[in-house]
Protein chains: 2
Amino acid sequence: MRINIVGAGAMGSLFGGLLAESGNQVFLIDIWKEHVDAINNKGLWIEGLSGNRFVKIEASTETEEIQGKPDLIVIFVKSYHTEEAANKLLPIIGENTSLLTLQNGLGNTEILSKIYGKEKVIAGTTSFGATILGPGKVLHAGTGPTAIGELDGKLTTRIKDIAEVLNQSGIKTEINQNVLGLIWSKLVINVGINALGVLMRVKNGEIVKGEFSPKIQRALVEEAVQVAKKKGIKLTHEDMLNEVISICKKTENNINSMLQDVIRKRKTEIDFINGAIVKEGEMVNIPTPFNQMITELIRAIEEKYEKQINI
Amino acid sequence: MRINIVGAGAMGSLFGGLLAESGNQVFLIDIWKEHVDAINNKGLWIEGLSGNRFVKIEASTETEEIQGKPDLIVIFVKSYHTEEAANKLLPIIGENTSLLTLQNGLGNTEILSKIYGKEKVIAGTTSFGATILGPGKVLHAGTGPTAIGELDGKLTTRIKDIAEVLNQSGIKTEINQNVLGLIWSKLVINVGINALGVLMRVKNGEIVKGEFSPKIQRALVEEAVQVAKKKGIKLTHEDMLNEVISICKKTENNINSMLQDVIRKRKTEIDFINGAIVKEGEMVNIPTPFNQMITELIRAIEEKYEKQINI
């Protein structure tokens, strides 16, 4: 299959490497020039769970360098870059090109659908974990289920083909007929972990301990679940709060991705996580004061990165 | 005048020293043994705005060591220690002993009134600034108006006597006939500065800059003002938000006291500041979601001091 990966950060690079190794024609696109140059000069270095090796793969900072139309474009940019990245794809999207988003947060399928039409877009979630170790180097840190599906839940030929390609590359993938429910469920989990972890500056396991932190987590998750229910989204678990707590315990030593962003003083995905609950809540008339407040606090923290007192 | 100072931290020590120098019989009480020992052995060292010198003054860790009944007890403990400290005072409170609170936050007059009766209690605010430099050493860092008054606003002999004693000690003091309004106004200012400064970890001046931080400040202050109005409190300024902003600008390089507490991983006065707005709001049926959320976040941060990731 001809596959372009847009956003060759940790996850995009790992997926691209695994897909290339199993014989697909893969092209990575990323704005990080040193990373792209290292991959083109020496190959992509993958180490960790799937073994240590170089993978030969093409990369570029420019979408225009890609020849021909790919069968599949996998979007792995941070959510706040989706729109910009998607707009640049116009020249390489052919009649048979599908767009797959495996990104965190809410709003990515909507952005892609708005630009290229709903029928172009498929979506999913993945539990793989990866970390960039330096230009051209990625650590395969975690392996877990990946699920993809058509937005309308249909079992199409293309979704089966793409799932097969992923499975053949060592990315264990299921077809899910309620992929929006899956994305929302992952969203609810991030709503209950990420921003709260940032404000207390703790690992996932700490969030569910004590008196006050679990109380705030409950409030954030309950608002998100109410919005999802009002929208008719079928979540993966009847008791999502319990699921969030269970995931905090399972990943107790993880520093969540938003906290990693704040530690590095990078832009966070707050607008696509708690901020998305606020926006969706407004549309269906569900009040979300806790998510609103925490969204604005994270935005305020981002705004003050350069003025922070070192503690 | 015979004066006991309960809570000889920075402000208590400075007030005690100034009152002793002008000829009052002052006794300091504090649980910090090294500080008490240093004061008893060498005197209290004051430096800064009022000059550098040792002041001879008695101190103790035990209320029981005080002989006789003082005319005035000034309470300067952190608000979360008021109740415990007040209960220990019973043996030394005589018929003519007045209790003066100059503490930050809401609830101190209520605690003292509940234990000893309203008529014993007078209250006020002070703009003096002080910092402990080590055991027995205090920096006189800031000078500004002090105001005291009877809770019912009456101009009594005792309030005039106490104001005179303070004025004679170089503590410029006015009698105010709306001392609850004064305390509430200072509370509203702390509501708009302290916890928000903590969450962004910035100095006062930064809070009023940018897009998101001023928005949160406005929400916090507006809730507090609504609660005050519903309670019939007369605040010092018609536009309190404007006053909060003006104070942030005037004190732009200050690290607020709650942020200082969080930096040192000490208990904060959150329950007597934003938490007090939540409690008072409940009693008068004014919703305070922003103050509620920020109160719980600060409590959660306190709860996680020992688990924080170092950034």
Side-chain angles (χ1 to χ4, degrees), chain A residues 195-220 223 252-256 258-265 268 270-271 274-275 287-311, chain B residues 195-220 223 252-256 258-265 268 270-271 274-275 287-311:
Chain A
L196 187 50
V198 166
L199 291 169
M200 300 184 299
R201 314 215 165 191
V202 296
K203 294 179 179 176
N204 292 358
E206 278 305 316
I207 298 173
V208 295
K209 293 179 191 165
E211 180 185 351
F212 299 106
S213 173
K215 206 170 143 189
I216 302 170
Q217 183 178 58
R218 172 189 293 265
L220 293 168
E223 287 178 3
E252 59 177 353
N253 288 315
N254 275 25
I255 297 175
N256 82 62
M258 196 180 286
L259 179 50
Q260 289 184 41
D261 287 338
V262 171
I263 289 172
R264 292 179 192 142
K265 302 192 175 183
T268 74
I270 188 71
D271 289 345
N274 306 78
T288 57
F290 274 80
N291 279 286
Q292 192 192 338
M293 173 80 177
I294 212 162
T295 298
E296 288 179 5
L297 278 171
I298 299 292
R299 287 178 186 152
I301 287 172
E302 290 179 337
E303 192 173 64
K304 301 297 177 194
Y305 277 154
E306 299 316 316
K307 299 294 180 180
Q308 268 174 24
I309 294 163
N310 287 321
I311 305 191
Chain B
L196 187 51
V198 166
L199 291 168
M200 300 184 299
R201 312 211 166 194
V202 296
K203 294 179 179 175
N204 292 359
E206 278 304 316
I207 297 174
V208 295
K209 293 180 189 165
E211 181 184 352
F212 299 106
S213 173
K215 207 170 143 187
I216 302 170
Q217 182 178 58
R218 172 189 292 265
L220 294 168
E223 286 178 4
E252 59 176 355
N253 288 315
N254 275 25
I255 298 175
N256 81 63
M258 195 179 286
L259 179 51
Q260 288 185 42
D261 287 338
V262 170
I263 290 171
R264 293 177 192 145
K265 301 193 176 183
T268 73
I270 188 71
D271 289 346
N274 305 80
T288 57
F290 275 80
N291 280 286
Q292 191 192 339
M293 173 80 176
I294 212 161
T295 299
E296 288 178 5
L297 279 171
I298 299 293
R299 288 177 184 152
I301 287 171
E302 289 179 338
E303 191 173 65
K304 300 298 176 195
Y305 277 154
E306 298 316 316
K307 299 294 180 180
Q308 268 174 20
I309 294 164
N310 286 320
I311 303 191

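Every chain is numbered from 1 and lettered A, B, ... according to where its sequence line falls, protein lines coming before strand lines.
For the set B/Ile207, B/Val202, B/Ile294, B/Ile301, the entry with the most heavy-atom pairs within less than 4.5 Å of chain A is B/Val202. Each of B/Gly210, B/Pro214, B/Ala219 has some count of heavy-atom pairs under 4.5 Å with chain A, and the biggest count is that of B/Gly210.
A side-chain contact (heavy atoms from CB on, under 4.5 Å) with A/Glu206 is found for one member of B/Glu306, B/Lys307, B/Gln308 and no other, namely B/Lys307.
When all heavy atoms are compared, the tightest approach of A/Ser213 to B/Ala300 is N-CB, 4.0 Å.
Annotation: side chain to side chain contact (heavy atoms under 4.5 Å, CB included) contacts of B/Asp261 (sequence neighbours excluded): B/Lys78, B/Arg266, B/Thr268. Taking the side chain to side chain contact (heavy atoms under 4.5 Å, CB included) definition, one finds that B/Glu296 meets it with A/Lys215, A/Ile216, A/Phe290, B/Gln292, B/Arg299, sequence neighbours left out.
With B/Glu303 contributing its side chain and A/Phe212 its backbone, the two residues share a donor-acceptor pair below 3.5 Å.
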Going through the distances and angles, do B/Lys304 and A/Lys209 end up as a side-chain contact (heavy atoms from CB on, under 4.5 Å)? CA-CA 9 Å; B/Lys304 300 298 176 195; A/Lys209 293 179 191 165; 3.7 Å; yes
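With a 4.5 Å cut-off on non-hydrogen atoms, A/Ile255 touches chain B through its side chain but not through its backbone.
Note: A/Ile263 CD1 to B/Ile309 CD1 = 5.0 Å, rounded to the nearest 0.5 Å.
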